[in-house]
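A short worksheet on the structure shown next.
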Number of protein chains: 2
Amino acid sequence: MDSKIFNLKAKLEVYKAMTNGGNFADCPVRDVIQGISGKWSSLLVMALAEKPYRFGELRRLVPDISQRMLTQTLYELQRDGYVHREVFPTKPPSVEYSLTDLGRSMFAPLQMLVQWAELNHDAVREARAAFDAAQP
Amino acid sequence: MDSKIFNLKAKLEVYKAMTNGGNFADCPVRDVIQGISGKWSSLLVMALAEKPYRFGELRRLVPDISQRMLTQTLYELQRDGYVHREVFPTKPPSVEYSLTDLGRSMFAPLQMLVQWAELNHDAVREARAAFDAAQP
DNA sequence: TAGTGCTGGTCTCTTTTTGAAACCACCATT
DNA sequence: AATGGTGGTTTCAAAAAGAGACCAGCACTA
């Protein structure tokens, strides 16, 4: 067997999970990761991890999200089971979004990544500045 | 230490980091997170965490990425300091991509998220199916 | 009673991002 | 002389995202 091809097939445990052992057409881990790797998903999960919020509150909390993307991202998070949506029959009706148990359990590893980002954003910004300065 | 209180404190710290103390729009942590939350970024970091790969190897490894997005994502990962790019003067010249120390340190928390996804993809798919079934 | 505002959205239009595919120069092999 | 592998760039179409108008329903106000 060609060693190059063999090396391509030899993958780490985590990478196997990510690639479903070479079957890219149906990879659950990639499917899940891509569901929370959108531009606004993780941010909204962070916000809702603190406490439930209503639609308008989230809109004011994240001022640079469009109303359209807020609706859509919350819909997707709800569909994937991370977020619970509850309508209260007030006048006018108010809608509260909160994390489900699944959402809270996903928040734990997400938190790791955010803490890493908090510790390393200086390094990233320095790398970015150095890279841009070295460009012709 | 009471684990509930500990978790609450951790949550609030992370929330503050993500929100820049209430200022969501201009937040360093968000800047870092959004740099790795692209569609292909995490997947390529996972691959390079195993071992360095050349451009063509990555292209074959991730068959559903376009050459254009592979170039662009690797460029961004390099710019943010996660990936090192080295050109070898072979004929034809070959280009090797590898994780930097920063990239490896980021891989650790990312791995947590992937492992969570591996453990919970059934729950997510069930939530999705239940949600779709409940739609009119 | 007509106007105004707040609720949580949808609809339409424009801009940005992504995908698909062709193209490139170089060199080795066939 | 044609073919294939190297690591890309370029071009054009499709998809996604952003900006802003619009909507129904009710409360409050003038």
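Reminder, nothing fancy here: chain letters follow the sequence lines and each chain counts from 1.
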A:Leu119 CG to B:Met106 CE distance, which is reported to the nearest 0.5 Å:
14.0 Å

Mind checking whether B:Ile33 and A:Met112 sit in one hydrophobic cluster, side chains of I, L, V, M, F, W, Y counted as touching below 4.5 Å?
no

Rounded to whole angstroms, how far apart are CZ on B:Arg59 and P on D:dG8?
10 Å

I need the CG-P distance between B:Leu74 and D:dG7, as an integer number of Å.
11 Å

Side chain of A:Lys91: nearest nucleotide among D:dA27, C:dC6, D:dG8?
D:dA27

Just by distance, do the side chain of A:Glu76 and the backbone of A:Gly35 share a donor-acceptor pair under 3.5 Å?
no

Interatomic distance, CE@A:Met46 vs CG@A:Leu44, rounded to 0.5 Å, equals 11.0 Å

Name the residue closer to the 5' end of DNA chain D, choosing between B:Tyr97 and A:Pro92 according to the nucleotide with the nearest heavy atom.
B:Tyr97

As a test of reading the structure: which of D:dT6, D:dG8, C:dG8 is closest to the side chain of A:Ser94, going by heavy atoms?
C:dG8

A:Phe88 near the nucleic acid: base, sugar-phosphate alone, or nothing, with a heavy-atom cut-off under 4.0 Å?
nothing

What is the separation between atom CD on A:Glu96 and atom P on C:dG9, rounded to the nearest whole Å?
13 Å

Over how many whole Å does the gap from B:Leu70 atom CG to D:dT6 atom P extend?
13 Å

Length of the CG-P vector between A:Leu61 and C:dG8, whole Å:
14 Å

A:Asp80 and B:Arg128: which non-hydrogen atoms are nearest, and at how many Å?
OD1-NE, 2.8 Å

Can you give one letter per nucleotide of nucleotides 9-24 of chain D, 5' to 3': B if a protein heavy atom sits under 4.0 Å from the base, S if only from the sugar-phosphate, - if neither?
BBB-----BBB-----

Under a 3.5 Å distance rule, please check whether A:Thr71 uses its side chain to pair with a backbone N or O of A:Gln67 as donor and acceptor.
yes

Would B:Phe131 end up clustered with A:Ile36 when hydrophobic side chains under 4.5 Å apart are linked, directly or stepwise?
no

Give a yes/no answer on whether the side chain of A:Arg54 brings an N or O atom under 4.0 Å of OP1 or OP2 in C:dC6.
no

Interatomic distance, B:Leu58 CG vs D:dG5 P [rounded to whole Å]:
18 Å

Please give, in whole Å, the distance from C:dT18 P to A:Gln34 CD?
12 Å

